[in-house]
A.B. asks: 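Dropping the structure in here first, questions after.
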2 protein chains.
Amino acid sequence: MTTNEGPGRTIQSAEITLNIISELQTQDATRVTALANRLGHSKSTIHNHLHTLEDQQLVVREDGEYRLSLRILDMAMHVREQIGNYDVIRNEADALAEETGEIIQFGIEEHGKVSYLYKATGEQAVETLSGVGKQQPMHSTSLGKTILAYLPQDRTERLIESMDLERFTSNTITSADALRTELEEIRQRGYGIDDEENIEGLRCVSAPVENGDTVLGAISITGPLSRFTDDRIHGELSELATGAANVIELNTKFSG
Amino acid sequence: MTTNEGPGRTIQSAEITLNIISELQTQDATRVTALANRLGHSKSTIHNHLHTLEDQQLVVREDGEYRLSLRILDMAMHVREQIGNYDVIRNEADALAEETGEIIQFGIEEHGKVSYLYKATGEQAVETLSGVGKQQPMHSTSLGKTILAYLPQDRTERLIESMDLERFTSNTITSADALRTELEEIRQRGYGIDDEENIEGLRCVSAPVENGDTVLGAISITGPLSRFTDDRIHGELSELATGAANVIELNTKFSG
DNA sequence: CAGATCGTTCCTGTCTCGGGAACAAATTTA
DNA sequence: TAAATTTGTTCCCGAGACAGGAACGATCTG
């Protein structure tokens with residue numbers, strides 16, 4: 001089940017345009033013919049779509065090469081502000097990064113995955129692949145599992161059903177029942193952990209930011225096995241995470 | 001001349017989808033009927049387009065309300081990196097902000113306007129309306145005029161022809177010929193200034209970042225009339241701006 | 001200067017897609 | 001509680017949009 005079959009029909013020409021946008025996102029600079037070949041459409045089709053995109057100022061053309069315009073940056077700013085109280089999240093994450101020296105991330109659920117809204121990097125932090133806007137599976141990350149644990153029951157169950165629980169390391173949870181047990185455990189103690197389930201050598205702790213009967217997202221601390229002992233994780237690190245989550249919670253609760 | 005009549009046709013359905021995206025960018029959370037009314041289309045039409053957008057994971061739906069997904073953030077990251085050497089620009093801008101305590105901005109030309117790629121704010125900086133991704137006219141800003149001065153001759157002329165040279169303050173340049181003279185002056189001394197031409201009480205200095213026979217963009221220092229005397233502008237401030245521009249120039253010249 | 005490749009334009013037939021109406025579900029009002 | 005709105009969704013249909021192919025210049029390459 002890869003395609004999310006929602007209600008309604010799907011518009012072909014819109015799909016083409018959106019596919020062009022996706023192409024322009026990843027490929028540095030692209031020309032008409034290259035896009036036509038890559039997307040399997042005629043040159044004239046791509047040509048007209050690019051013309052439309054340029055007309056709407058979403059794409060810029062510099063001597064034959066096309067790229068997304070800076071309007072995307074403006075859109076990104078708006079998107080950030082539409083999610084809870086972005087400033088509070090950033091402040092708390094920065095503070096945590098400063099204090100722990102590790103990687104702090106804030107993630108929310110989108111389309112059955114964790115999407116990273118913000119990332120703060122401490123002094124001695126390890127670099128991870130994930131960056132702002134990137135996605136990760138939910139079942140193998142502490143952020144994902146923590147969010148799953150605090151979403152409304154039915155929503156959680158529907159998400160689990162649609163997951164394929166791919167294995168990434170020997171620790172990855174790959175059965176739905178094991179995942180359900182893990183979520184119950186997270187609810188018991190109030191925070192989630194990732195014990196090398198997504199990437200070998202990396203551990204995380206996550207605390208949920210609740211919002212009424214659902215969950216806004218979660219904040220996590222990530223670090224190497226060497227510095228992330230069981231004692232530290234279940235001690236100071238989990239406390240720091242839940243503390244930050246609480247501050248965010250208090251500041252967003254009354255704003256929407 | 002508002003619409004940029006380029007070559008080729010324009011795709012209606014794509015326009016609808018892109019208009020929805022624009023709507024979602026500005027309005028916080030929107031539902032089917034509201035969008036239908038605002039864009040002047042039937043509910044079924046909007047419905048199908050939203051379905052397409054959600055299918056492509058560019059839009060998220062949370063109990064009936066739609067918003068742009070965090071994929072936009074990912075796209076924004078890519079866009080930044082596609083423009084010259086973003087890291088160098090950021091470093092130089094931050095350094096300048098630190099040193100001067102004022103607002104530093106880096107802008108490029110897009111669709112006949114200045115778009116801001118990065119903004120660094122010093123300690124005692126005045127807040128301006130413009131943010132990352134936002135647009136400003138070229139004829140009334142130091143960034144815009146400086147970029148115009150260093151674009152290829154024919155490109156500059158075509159841009160001037162298509163501008164409407166709106167007046168914002170008593171100092172705004174509103175005639176094409178006066179603008180051409182100003183550009184020549186900028187080329188003479190190597191940097192451009194904005195003497196309360198865009199906003200009352202604000203002055204700027206900008207230096208171009210050249211790139212072969214064209215210009216990548218420009219970097220500017222903005223501040224209040226009180227601190228930006230003629231002496232300072234034509235002395236240390238213009239030197240700081242051109243210095244930073246040169247560093248960026250050197251670092252981008254060999255990578256693109 | 002030939003050959004190839006590019007972007008652009010024009011045309012045509014098919015099937016897409018926008019709109020309207022009817023329906024169902026949720027929300028509001030009395 | 002029931003009636004009355006308003007919502008999101010589905011279905012159908014005919015007009016016309018739009019994807020593709022071919023042909024044309026323009027540009028690049030050797």
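Owing to the predicted nature of the structure, the values given are computational and were not obtained by experimental measurement.
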A.B. asks: Verify the distance criterion only: is there a donor paired with an acceptor across the side chains of A:Gln188 and A:Glu184 at less than 3.5 Å?
C.D. replies: yes
A.B. asks: Taking atom OH of B:Tyr150 and atom OG1 of B:Thr156, what is their separation to the nearest 0.5 Å?
C.D. replies: 11.5 Å
A.B. asks: Using whole Å, report how far NE2 of B:His41 lies from P of C:dG19.
C.D. replies: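 Rounding to the nearest Å, NE2 of B:His41 and P of C:dG19 are 6 Å apart.
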A.B. asks: Both A:Lys43 and A:Ala14 contact DNA chain D. Taking the nearest nucleotide for each, which residue is further toward the 5' end?
C.D. replies: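 With A:Lys43 and A:Ala14 compared, the 5'-side residue is A:Ala14.
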A.B. asks: For B:Asn48 and C:dT16, what is the distance between atoms CG and P respectively, to the nearest whole Å?
C.D. replies: 13 Å
A.B. asks: Hey, does the side chain of A:His47 come within less than 4.0 Å of C:dG7's phosphate (OP1/OP2), counting only N and O?
C.D. replies: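 No, outside the criterion.
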A.B. asks: What integer distance in Å separates B:Gln12:CD from C:dC17:C1'?
C.D. replies: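 That distance rounds to 10 Å.
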A.B. asks: Separation of B:His49 atom NE2 from D:dT9 atom P, in whole Å?
C.D. replies: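 Checked: the NE2 to P distance equals 15 Å.
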A.B. asks: By the 4.0 Å heavy-atom rule, please label B:Ser44 as base, sugar-phosphate, or nothing.
C.D. replies: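 If one applies the 4.0 Å heavy-atom cut-off, B:Ser44 turns out to touch a base.
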A.B. asks: 5'-most contact on DNA chain C: A:Val32 or B:Gly40, nearest heavy atom basis?
C.D. replies: A:Val32
A.B. asks: Do we see a donor-acceptor contact under 3.5 Å between the side chains of A:Ser140 and A:Asn198?
C.D. replies: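 The answer is yes; a qualifying pair exists.
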A.B. asks: For the residue pair A:Thr174 and A:Thr172, confirm or rule out a side-chain donor-acceptor distance under 3.5 Å.
C.D. replies: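 Side chains of A:Thr174 and A:Thr172: no pair found under 3.5 Å.
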A.B. asks: Could you state the atom-to-atom distance from CG of B:Leu35 to C1' of D:dT9 in whole Å?
C.D. replies: 16 Å
A.B. asks: For C:dT9, does either OP1 or OP2 sit under 4.0 Å from a side-chain N or O belonging to B:Arg9?
C.D. replies: no
A.B. asks: According to a strict under-4.0 Å criterion, is A:Arg31 in side-chain N/O contact with OP1 or OP2 of C:dT8?
C.D. replies: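 Checking C:dT8 against A:Arg31, no side-chain N or O comes under 4.0 Å of OP1 or OP2.
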A.B. asks: When the distance from CG of A:Asp63 to P of C:dG7 is rounded to whole Å, what number comes out?
C.D. replies: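 Nearest whole value for this atom pair: 12 Å.
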A.B. asks: When the distance from CG of A:Leu39 to P of D:dA19 is rounded to whole Å, what number comes out?
C.D. replies: 12 Å
A.B. asks: Return yes if a side-chain donor-acceptor contact under 3.5 Å exists between B:Arg80 and B:Tyr86, otherwise no.
C.D. replies: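 Side-chain D/A pair, B:Arg80 to B:Tyr86: present.
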A.B. asks: Toward the 5' end of DNA chain C, which comes first, A:Ser13 or A:Ala34, by nearest nucleotide?
C.D. replies: A:Ala34
A.B. asks: Ignoring backbone atoms, test whether B:Thr45 places a side-chain nitrogen or oxygen under 4.0 Å from the OP1 or OP2 oxygen of C:dG19.
C.D. replies: yes
A.B. asks: Measuring to OP1 and OP2 of D:dT9, would you say a side-chain N or O of B:His51 lies under 4.0 angstrom away?
C.D. replies: no
A.B. asks: Atom CD1 of B:Ile11 to atom P of C:dC17: distance rounded to whole Å?
C.D. replies: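 Answer to the nearest Å: 10 Å.
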